[in-house]
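Per chain, numbering begins at 1; letters A, B, ... match sequence-line order.
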Amino acid sequence: MVTTLDLTGLTTGPSQVWNAIRLVPLIRDEPVEDLRLSSRLYGEVGGLVKVGPRSGYVSYIPHGFVATWTDDGTPAAAYGTQLSTDPDWLPTTMGLRFHRGMARRQAKDRLRFLPMHLSLEGYLALHFSGPALVWEQWSQQAIRRGLSPRAEEAYVGADVRGLADALRVFEIHPSQCGVMVYVADALATAFVVPHPDDYRALHPTLLLDLYGELIHHYANLLPPVPDFRARIADSDVRSLAQLRSAVDEQEDQWRHFHDSTMAAALGEQVNSVYRMGRFALSRFLPSFRPGLENHIGEAITDDSGAITYLKTFRLSNNQVRRGYLLDRLASNDWHLADTAAELGIGEAQLGLRLESAGFGHLLRQDVLDGYRKQRRVRR
Amino acid sequence: MDSYEDLVAADDVLLFVNAAISATGQREFHSDQTEQRLSLDFLHAYMLGNYRDLYAGVLALDINDHNAALIIRHLLETTADATAGQRRNEGRLISARLATLPPQRVYRLFDALRRAGVNNRRCRAIIRDWLAARPDLAFDAVKYRNGLKRALRHAHLASAAEELGTFLFTPSARVRYSTPVFETWRRAHYEQAALYELPYTVAEGFAARHGVPRDVFLARIAPRLTRLETLRLQESARHRGIAEAEADLAVMPLTRLATYVVSLPLKERRQRRPELTRALESAADRVVGRHRGSWGKVTAVLDDSFSSFGSVVKRRRPLAVALACHYLLACLADDYTGLWTSGQPDALLARPDGPTPLGRRILDALETEPARLVVISDGWDNAPPGMAAEVLRIWRTRLDPGRRTSIVHLNPVYDAVDFDVRRLSPTVPTAGIRDAEDLATLVELAQFAEGRTGLTDLTIYLNTRAAHMLNRHHGEREW
């Protein structure tokens, strides 16, 4: 099933700015009660969720959430966002020893998000697991293990300058269910949960998320962004009632501007992968248009198509370029010559482009050497 | 007519006064301790360098103790720059202000002077006079032992009472003291019973030395606790099941009481509603006195957004000030409406939460058609940003050019970046506030901040306040 993302059911609140960071709250008038953060994630943090065994109740565990889900008590991360109706269910996990460098301080009852890391390393691999047909150019490694393991460059939220302060001074709305994080007015991530309690629990984890190099550079290099300050033309205000409607108008203007302009890049196509009750879990890939904003992420939508859970990551330009190459290769059944023809370049050129994009190890060494030689000869 | 320079000077002084009322050099919600210190230090240096007379005159205003101590220190450090007349004037202001400072702050100030190597004749005379005016120096010797010792040494003072000197400098030289508190202190070294006759802070050390269990100690020391200590220890005492340490809320000052109330969990506030409300109301009533009901129809907009949490060192201070002002204004007005930014109607259950839709709340307030509108907020208006300024501007310029409604903004938080408290709008005067008790004088002061009165008026105001303070000080002394 293919749908497009929109923010129906969520109201955009006035943005709050701290240096180069702009946080835009997303407010839900009616919280979603029958999809909640899995109660075991709250654990000892507090009985925030009081869920009886209601019929039709679905709980979810966000992608990469770390808890002790293994038998030996070592922390593990949820692999992909998962849905369940069973209160005692153990999610599919990914051991964290592999990621030791990334798994930092682990207090006993502390939860941690690694979602974007898995998005980057596992998620792209999930879509592009490697050549489906065995053409002669591909190396044994590419055939046996596909694209993983791969390491994508990303920065933890604590390294994004100003983000920690911005999250600290941010005033959470009482019925807030989500936030859009802008760095120098580039959308870094969109994050939506079903219920305000879930949001409060997960608000600090934005700091533990990963952000692309683009966002990191923006935060470090660009000056503070301006507030969108309210402006009321005073010529036609003659009474308090008129002043009040002018105030309403100001808020609508901002909402419209944000939804139609700032968040426009989110309108990507979504592929549904799993369905439970009235909820559908989707992962989405952008069309990898070079030079444009490209977001990857996961979403849970309800039967009316409204977003109940959303997490996105903005790819950096290099990542977009890599994704573009993979996308093209996949659509040509990983045939190098056909892909090169479609792109309008020579096969050797494509091979070298793959190498410079970091996929050199996927090609057979002798083939790659042949491409290099061709280039030298041409010069 | 004041010249341009005079207007600038008046502006500078008001800026400084706002800072001196609201800033304590501690961390705030939006800026850390270093920023606060640097910013405040700059202001002090600037004032001292440019307007020495006015700088000293500020001592007579209701500025906070931190800044009062800083001003005194800076004045004493730069004695050489002052003329004879200035010195005489400053000396009087300093000794009057020192008399109202808490003793631990004064001892800390003397110690700072010692470390800075300030030891001129004026400085020594001030230390001498202050110590001479202490009601019970023997008690000070026990409670502020190191402070007093250093002060005596620094000012080259021979202690009048012979026993005091021995006690401070060679305590083991005697086997008996005739001063009772010294004798208790001596006995407390080996006799557990004696330590309960000492001040709490001293006894605590002895109790630890004797290994007295905490709950036994707290239960027995309870009668010796000062008001503040009782309040501080009340919660921990209750956890240990000791009922003795009950603070008497009826005698607490208003802002202190409000701070205590907002520190309580919501459940307890609901349970003790009648008691807390009565205490807050009577505290407000004591402050207002005969001015009760004299302000007419008043509406207040009170900030209980998340930023009113303050910081970990000033926990919920802005919220407490707002709560205290709520009760105070209810007393001052004969028709009062209090509107919290969160929209919740129950003042007693105020807690720092949510955004600051100040613009909308000011609109609601103006709809009640008040004679006075008081806004108490840290000036961060974010839902949407700048809306409060727009509403106030249009109200002033289009809807109420005749100023039927007087509007004032009081801000409990010093903004380190702007060297002032954050303003909502240029059309509305803003003043810093630290204790709700100062509200009436601050509203008066805020009229200066509107830029309509110049240096002459301000100087007259400062001089009146100074004369008032000196009169009170000397009155007490003679009495």
Within a radius of less than 6.0 Å around CD of B:Gln344, do more than 12 heavy atoms belonging to other residues, nucleotides or ligands occur? yes
A:Ile172/B:Phe306 under side-chain contact (heavy atoms from CB on, under 4.5 Å): CA gap, chis, key distance, verdict: CA-CA 8 Å; A:Ile172 301 175; B:Phe306 180 56; over 6 Å; no
Is there any salt bridge (charged side-chain N to carboxylate O under 4.0 Å, His left out) pair reaching into residues 310-327 of chain B, and which pairs are they, with sequence neighbours excluded? B:Glu28-B:Lys314, B:Arg317-B:Asp435
Could you please spell out the steps behind the salt bridge (Lys or Arg N to Asp or Glu O under 4.0 Å) verdict for B:Glu367 and A:Arg244? CA-CA 10 Å; B:Glu367 268 174 5; A:Arg244 190 177 282 278; 3.2 Å; yes
Give the member of B:Asp381, B:Thr356, B:Thr397 that has the highest number of heavy-atom pairs under 4.5 Å with chain A. B:Thr356
Shortest non-hydrogen contact between B:Pro355 and A:Pro174, atoms and distance: CD-CD, 3.8 Å
Spacing of CZ belonging to B:Phe309 relative to CD belonging to A:Glu171, to within rounding of 0.5 Å: 13.0 Å
State plainly whether the residues A:Arg200 and B:Asp353 are in salt-bridge range, i.e. N to O under 4.0 Å. yes
Heaviest contributor of heavy-atom pairs below 4.5 Å to chain B, chosen from A:Pro25, A:Ser239, A:Ala246, is A:Ser239
Heavy-atom count check: over 12 atoms from other residues, nucleotides or ligands less than 6.0 Å from B:Arg351 CZ? no
What are the two closest heavy atoms between B:Pro385 and A:Pro14, and how far apart are they? CD-CB, 4.3 Å
With a 4.5 Å cut-off on heavy-atom pairs, point out which of B:Ala389, B:Ser342, B:Ser307 contacts chain A the most. B:Ser307
Segment of B:Leu363 engaging chain A (4.5 angstrom heavy-atom cut-off): both
Is the shortest side-chain heavy-atom distance between B:Trp380 and A:Val169 below 4.5 Å? no
Would A:Ile232 and B:Met387 count as a side-chain contact (heavy atoms from CB on, under 4.5 Å) here? Give the steps. CA-CA 9 Å; A:Ile232 298 176; B:Met387 188 60 93; 4.1 Å; yes
Output yes when a side-chain donor or acceptor of A:Arg168 lies under 3.5 Å from a complementary backbone atom of B:Phe29, and no otherwise. yes
Closest non-hydrogen atom pair, A:Trp18 against B:His30: CH2-O, 3.3 Å
A:Asp248, part contacting chain B, at a heavy-atom distance under 4.5 Å: both
For B:Pro384 and A:Glu251, which heavy atoms make the closest approach, and how far apart are they? CD-OE2, 3.5 Å
Greatest number of heavy atom pairs closer than 4.5 Å to chain A - which of B:Asp364, B:Asn382, B:Leu366: B:Asn382
